[in-house]
Every structure is written in C-alpha cells, then in structure tokens.
Amino acid sequence: MTCPVTGAASGPVPLSGPRFATEPAQLYREMRRDHGPVAPVLLDGDVPAWLVLGYRELHQVTGDPVLFSRDSELWNQWPNIPADWPLLPMIGHKQPSILYTVGERHTRRAAMIAHALEAVDPFELKAHAEQFADELIDTFCGVGTTDIIAEYAMLLPVRVLARIYGFSDEQGPGLVTAMNDMIDGRERALAGQQHLATSMMALIAGKHEAPGPDVVSSMLETQRVDAEDGFSDEEIAQDLMVMMAAGHQPTADWIGNSLRLMLTDDRFAASLFGGRHSVAEAMNEVLWEDTPTQNVAGRWASRDTRLGGRHINAGDLLLLGLGAANADPQVRTDGSALTGGNSAHFAFGHGEHRCPFPAQEVAEVIARTGIEVLLDRLPDLDLAVPAADLTRRPSPWLRGLTDLPVRFTPTPTSAFGEVR
C-alpha cells in the first residue's frame, strides 16, 4: 500500500504493541509523516479504523455530530465483531449509555448528569479528597518508601467518587479492580464490566428506597420528575458506569503523570518547593504532553466523506487521537516550551460529547488535592529509581505509569480522618 499523502509505502498501523507505552509521541510523529493527519489503524483482530491525529481534523470531527456521529450502530464492521471481542466494553453495541445517545435525548441526559454533579459541594468534595488522601498516606508515611501508583493514585479517585455517588467506602477497592479490568480491554474486560454494572444496579435499587444527598439520588429525582419520557434504571446505571470509569482511571493517571513530571523534568526542578502554583502548572502541562486519555473510540461517519485527504466510507470508525492532536506541530510549534496555562488541549474532548464541565471540575479537585496533600505531608519526596526505569501500562487508550517508586523521610501519621 502506498500512502497518498507522502508516497511512502506504508500499511495500516496496529493499535497495540509496546511503543504506545514507551514512545507514543514518536510513534504519532511517524504515523503523521507516513499517513498525514488521518491514519489507517487496526484494532484487536485486525478490525480496521481511522485514527485522527491532526488538531484541526479532530476539531472538525468532534464539532460535527451529524456527519461524525456517536451512534455506534452505524459501524460497518459489526458483522465481523465476535461476541467475546475484548474491546466491546469500549465500543458498545446497542449500549444504552450517554456515550452512544445522539440528538435531543443526548442533550437531556447530559443535562441530568451535569445537574447532579453541579450539586456536589466543592468544599465537601475537597474535604472528602483530603480525608481519603490522609488515610492513604498514613498507611505508608512511616516507612519512607512507597509506590505512588498502587498505594495512592489508583485508590484515591474512586474512593472520593464512590462516596459522592452514594456507595459505601468499603465497596471502593472492588470497583477499582473492576474498572481497571474493563478499561484495559483484555481478557478480564467483560467480567469487570459485569461487576460494575451489577454494583450500579444494586446502588440504584437502594437509592430508590432510601435516597440521600448524593449524585445517584439526584439523577433518580430527575428520572421521577421526567417520568413520562424519562430515563430507565438501566440507562442511569450505564451513565453511572461511564461517569465512574471516566472519573477514576484518567484522574489517577493525571495524579501519577503530574507527579512524574514534577519529579523528573528540569522545567519543574523547583516544583516541590515552588508552592501550589507549580502543582497547577504541572497538571496543565500533563494535559498537553502526557494526557491520561490518549485515544477514544469514537465517531462513525454517517455518510461517505473526506477528512484529512482520506476518503471515509459511511459507517467507518474514527478514533479520536487526543494525545496526537495535542502534539500536532501546527499548533505546538515548540513542544519544549511550557504552555503557560493554555487550556486549548483535547484532554477532555470537544463538542457536545466532551466531558461535562462539572465532571472536569470534580476531576481537577480530586487530582489537585491529592497532589497537594501528598507534597504537604512528604515535602522531600523523590524518585527511588532512575527516571528511565519508569514504565507505562501497555495500552493505546489510557496513558499511565505502572508504578512510581518514591522515597522520603518517614513522618508520623495524621489525625486519622480529621479534615485538614
């Protein structure tokens, strides 16, 4: 196959393999060089799709929900997809969640979610995050070493989210395992999805009987008021699964990736002593350079069209290359320069299907609080291994560290559970 953009001999790129973990930026540059801003890729089982690498092209796709629909039923590959395909949790078939709802019904569902999240008191949210952060740090602060990913970042977001949704604190660890299995898209993906679905339906049943000041009860109240043409329990459960998955893993990776940047990058050499402004700056740089959500499935062409010099057939799947678009040299002419707070990245998507603003605010509060509490409690935090030894999860979808070993001066535990 000859690339029509460059004339180079190049075929579809498998969306798998170690390079997505070790050098995704270089891989995206090579794909852009060989294929242009829209590259042919192969998913598990050699299923074809397009990866949108260009910033402008991604803006076009996400800004036109009619031509590039979120309705996965349009996919022309469904006849070739087996029932046990590991990516089914990420590319749902006949899935009644907000991810695949379009038009006016999507607008109403998005409003229901935004209303429920807007009702979360930001001061209470921060207090929850501080409490759980302190409790987690208390488990390792007297030792002098820990793995920030396994012992902290991967535990904090879901504990906070579970509380504001209405789960008991004890259910958090099981939800972490289930969501990680589902998001990784491998052999335990379907089992993880089932555990999460069962947990959500049980929570909804309980909140019907005993509502409380929580996100789920707020959504059920909207369901009750709009009963004539409202949303079923199954639809609300699906939306809760989407919210929990999108709110946990990327936030955990945002914490880990930000701390890695602060501990390893010369541009942040003074970050650990530079106050909280440095935390915010590092978090914003991560959303540009090391965004937790690298690629998203997806959009489906509602008719034949052209994009980035490519002919796109009706029903073709387009994957949103958020990480690649953020690094597009047409918008990041100097990739080594700090962005200075510029927030025009694609980390939260774009268009009517982007992450709702209240959800972004919840994630930012959890991540920033988690980082600030950690640095307050362990001010001499440092890497325990060479930076070159840090490894990433082998996933093209989410970019996060497998571990982040650190050392620090052992410190006493806090007043357990006390609001800071």
Side-chain angles (χ1 to χ4, degrees), residues 3-6 10 12-13 15 24-25 27-43 47-77 90-91 98-104 106-107 110 246 250 287-289 291-333 335 339 342-357 360 396-397 399:
C3 174
V5 178
T6 64
S10 181
V13 180
L15 204 68
L27 179 58
Y28 295 140
R29 283 194 293 269
E30 293 173 6
M31 293 172 71
R32 186 179 285 110
R33 177 198 66 201
D34 294 342
H35 298 284
V38 180
V41 295
L42 294 175
L43 302 176
V47 176
W50 299 100
L51 180 62
V52 184
L53 304 163
Y55 187 97
R56 290 175 177 83
E57 288 74 17
L58 190 57
H59 194 278
Q60 179 181 346
V61 168
T62 54
D64 189 343
V66 175
L67 178 55
F68 300 106
S69 175
R70 201 67 174 86
D71 183 3
S72 63
E73 298 307 302
L74 296 173
W75 198 14
N76 52 27
Q77 292 298 312
M90 299 184 66
I91 307 177
I98 190 172
L99 287 182
Y100 305 101
T101 305
V102 298
E104 189 270 341
H106 172 270
T107 300
L287 294 182
W288 276 103
E289 300 180 5
T291 185
T293 305
Q294 288 281 300
N295 300 299
V296 173
R299 300 291 188 272
W300 288 265
S302 60
R303 57 174 171 79
D304 289 3
T305 188
R306 292 190 67 79
L307 179 71
R310 294 286 187 175
H311 177 79
I312 309 296
N313 290 316
D316 278 1
L317 167 60
L318 297 103
L319 306 175
L320 310 183
L322 309 184
N326 283 345
D328 188 332
Q330 293 192 30
V331 295
R332 291 292 305 278
T333 55
T339 60
N342 184 332
S343 59
H345 50 70
F346 276 106
F348 295 109
H350 170 260
E352 67 177 40
H353 285 276
R354 71 175 294 155
C355 179
F357 286 108
Q360 297 178 36
W397 310 102
R399 180 160 172 79

For the residue pair [X] and [Y], what are the closest heavy atoms and their distance?
| X | Y | result |
| --- | --- | --- |
| Val38 | Gly308 | CG2-CA, 4.0 Å |
| Ala297 | Ile91 | CB-CG1, 3.6 Å |
| Leu58 | Ala325 | CD2-CB, 3.6 Å |
| Gln294 | Pro24 | OE1-CB, 4.3 Å |
| Asp64 | Leu67 | OD1-N, 3.1 Å |
| Ala39 | Met31 | CB-CE, 4.0 Å |

Separation between [atom1] of [X] and [atom2] of [Y], rounded to the nearest 0.5 Å:
| X | Y | atom1 | atom2 | value |
| --- | --- | --- | --- | --- |
| His350 | Leu320 | NE2 | CG | 11.5 Å |
| Leu15 | Asn295 | CG | CG | 5.5 Å |
| Leu51 | Leu42 | CG | CG | 11.5 Å |
| His35 | Glu30 | NE2 | CD | 10.0 Å |
| Leu322 | Thr62 | CG | OG1 | 9.0 Å |

Heavy-atom side-chain proximity of [X] to [Y] below 4.5 angstrom:
| X | Y | result |
| --- | --- | --- |
| Gln77 | Leu317 | no |
| Asp34 | Val13 | no |
| Arg310 | Pro40 | yes |
| Gln330 | Pro37 | no |
| Phe68 | Val52 | no |
| Asp328 | Arg32 | yes |
| Val41 | Pro48 | no |

Whether the Asn326 and Tyr28 side chains hold a donor-acceptor pair (N or O, under 3.5 Å, no angle test) is what I'd like checked. no
Suppose we screen for salt bridge (charged side-chain N to carboxylate O under 4.0 Å, His left out). Which residues come up paired with Arg399, at least two apart in sequence or across chains?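 Checked Arg399 against salt bridge (charged side-chain N to carboxylate O under 4.0 Å, His left out); matches are Asp290.
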Do Arg306 side-chain atoms and Ile312 backbone N/O form a donor-acceptor pair below 3.5 Å?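 No, because the side chain of Arg306 does not come within donor-acceptor range (under 3.5 Å) of the backbone of Ile312.
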Sequence neighbours left out, what passes side chain to side chain donor-acceptor pair (under 3.5 Å) with Asp316? Give chain and number order.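 Side chain to side chain donor-acceptor pair (under 3.5 Å) list for Asp316, sorted by chain: Trp50, Asn76.
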